[in-house]
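Only heavy atoms go into these numbers, but all of them, side chains included; no hydrogens, no water, no symmetry mates.
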Amino acid sequence: MNRRFLFVLGSARPDGNTELLARRAAEQLPPDVEQQWIDLTAHPLPDFEDLRHDSDHVRPAGGSAGLLLDATLAATDLVIASPLYWYSVSAHTKRYLDHWSGWLRTPGLDFKATMAGRTLWGVTALAHEEAEVADPLAGTLNNSAAYMGMRFGGVLLGNGSRPGDVLKDTEALARAKTFFAGEAPLARFPYESD
């Protein structure tokens with residue numbers, strides 16, 4: 001399967017620091033790697049309804065949910081580009097991940113088996129000097145990847161609050177040049193040994 005990157009943009013601000021950093025990293029991908037970019041504000045998802053004990057979920061046929069499901073299933077590499085909001089992913093991003101729960105329980109979809117072995121990456125901008133404050137965001141993505149049997153490429157962190165600030169973060173821009181270059185390890189929960 002040729003590599004196909006899906007960039008899921010979870011910012012409430014268009015062309016924000018997180019998206020700018022993700023685009024800098026994406027510029028380094030080889031030209032034959034397909035890229036799809038989906039902005040969750042332009043393709044909003046409804047609130048997730050947990051039907052797990054009531055009935056089966058139905059595969060979304062269209063709209064934002066159908067678009068995101070099809071794009072997610074088609075991706076070999078999934079990049080969650082969410083700014084750090086209250087020390088975790090944005091509400092748009094969290095709603096997208098919540099929909100994974102429904103896709104796991106959609107008959108005939110086999111979502112978990114399909115996603116196993118694929119790679120999840122994260123990109124975030126934060127308005128804080130200490131990168132450790134982004135640990136909850138990284139933990140959310142790592143643990144989601146571990147549950148799904150996916151690889152986890154880590155989180156590309158950049159610093160910025162005002163629009164365009166991340167372009168002044170020379171260390172983040174340098175990391176962006178090689179962020180997608182390596183082979184990502186299989187994700188593990190923190191309690192699992194190496």
Side-chain angles (χ1 to χ4, degrees), residues 1-43 45 64 66-84 89-90 92-93 96-97 99-100 103 111-126 131 134 137-146 148-160 163-188:
M1 181 180 224
N2 291 334
R3 286 183 87 183
R4 184 171 202 268
F5 275 71
L6 171 62
F7 291 84
V8 177
L9 304 176
S11 179
R13 178 189 302 165
D15 302 317
N17 287 305
T18 297
E19 181 178 348
L20 291 173
L21 186 57
R23 290 196 182 275
R24 285 294 174 100
E27 288 172 1
Q28 310 306 314
L29 290 170
D32 64 328
V33 172
E34 190 175 342
Q35 297 180 32
Q36 182 176 10
W37 294 75
I38 298 180
D39 183 341
L40 294 175
T41 59
H43 300 281
L45 288 165
S64 296
L67 170 73
L68 282 156
L69 172 59
D70 291 341
T72 301
L73 290 171
T76 60
D77 294 80
L78 176 62
V79 183
I80 300 293
S82 172
L84 186 71
V89 296
S90 69
H92 295 300
T93 304
Y96 165 69
L97 293 174
H99 276 266
W100 285 21
W103 299 342
F111 185 67
K112 189 173 184 179
T114 300
M115 298 306 293
R118 298 186 184 190
T119 304
L120 182 65
W121 308 85
V123 178
T124 192
L126 56 148
L137 180 145
T140 293
L141 297 181
N142 176 76
N143 292 345
S144 297
M148 297 294 289
M150 298 175 74
R151 298 180 172 283
F152 184 55
V155 178
L156 175 60
L157 298 171
N159 189 278
D165 274 357
V166 77
L167 299 177
K168 301 173 196 166
D169 186 344
T170 55
E171 291 179 14
L173 295 177
R175 287 190 302 271
K177 290 185 178 188
T178 60
F179 185 60
F180 296 126
E183 176 78 17
L186 191 63
R188 294 188 173 285

Heavy-atom closest pair, residues Ala71 and Gln36: CB-OE1, 3.4 Å
Is any NZ, NE, NH1 or NH2 atom of the basic residue among Asp77 and Arg3 found under 4.0 Å from an Asp or Glu carboxylate oxygen of the other? yes
So Val166 and Thr18, side chain to side chain contact (heavy atoms under 4.5 Å, CB included) or not? Walk me through it. CA-CA 8 Å; Val166 77; Thr18 297; over 6 Å; no
Is the shortest heavy-atom distance from the side chain of Ile38 to the side chain of Leu67 under 4.5 Å? yes
Please give me the minimum heavy-atom distance between Gly122 and Leu141, naming the atom from each residue. CA-CD1, 3.8 Å
Asn159 side chain to Ala125 main-chain N or O, any donor-acceptor pair under 3.5 Å? no
Heavy-atom check, side chain of Leu20 versus side chain of Leu167, under 4.5 Å: yes
Between Ser11 and His92, what is the shortest heavy-atom contact and its length? O-CD2, 4.2 Å
Considering all heavy atoms, the nearest Ala12-Pro14 contact: O-CD, 4.1 Å
Sub-4.5 Å side-chain heavy-atom contact between Val79 and Phe180: yes
Which heavy atom of Ala22 sits nearest a heavy atom of Val123, and at what distance? N-CG1, 3.8 Å
Side chain proximity check, Arg4 to Val33, heavy atoms < 4.5 angstrom: no
Residues Thr140, Leu97; criterion side chain to side chain contact (heavy atoms under 4.5 Å, CB included); working and verdict: CA-CA 10 Å; Thr140 293; Leu97 293 174; 4.2 Å; yes
For Trp121, does the six-membered ring have the charged nitrogen or CZ of Arg151 within the cation-pi criterion, i.e. under 6.0 angstrom from the centroid and within 45° of the normal? no
Determine whether a donor-acceptor pair (N or O, by modelled atom type, separation under 3.5 Å) exists between the side chain of Ser82 and the backbone of Ser90. yes
Do Leu157 and Leu126 pass the side chain to side chain contact (heavy atoms under 4.5 Å, CB included) test, and can you show the C-alpha distance, the side-chain angles, and the key distance before you say yes or no? CA-CA 7 Å; Leu157 298 171; Leu126 56 148; 3.9 Å; yes
Are Ile80 and Tyr96 close enough that some pair of their side-chain heavy atoms sits under 4.5 Å apart? yes
Can you find a heavy atom in the side chain of Leu6 that is under 4.5 Å from one in the side chain of Glu34? no
Any side-chain heavy-atom pair from Thr119 and Thr76 closer than 4.5 angstrom? no
Can you tell me if Asn17 uses its side chain to pair, donor with acceptor, with the backbone of Asp165 under 3.5 Å? yes
In plain terms, say whether Glu27 and Arg23 are close enough for a salt bridge, that is, a side-chain N and a carboxylate O under 4.0 Å apart. no
Any idea which heavy atoms bring Gly153 and Phe179 closest together, and the distance? O-CE1, 3.8 Å
Phe111 versus Thr72: any side-chain heavy-atom pair under 4.5 Å? yes
For side chain to side chain contact (heavy atoms under 4.5 Å, CB included), just list the numbers for Leu21 and Leu156, CA-CA rounded to whole Å, side-chain angles, deciding distance to a tenth of an Å, and then say yes or no. CA-CA 8 Å; Leu21 186 57; Leu156 175 60; 3.8 Å; yes
Just by distance, do the side chain of Thr93 and the backbone of Val89 share a donor-acceptor pair under 3.5 Å? no
Any side-chain to backbone donor/acceptor pair from Arg118 onto Leu73? Under 3.5 Å, distance only. yes
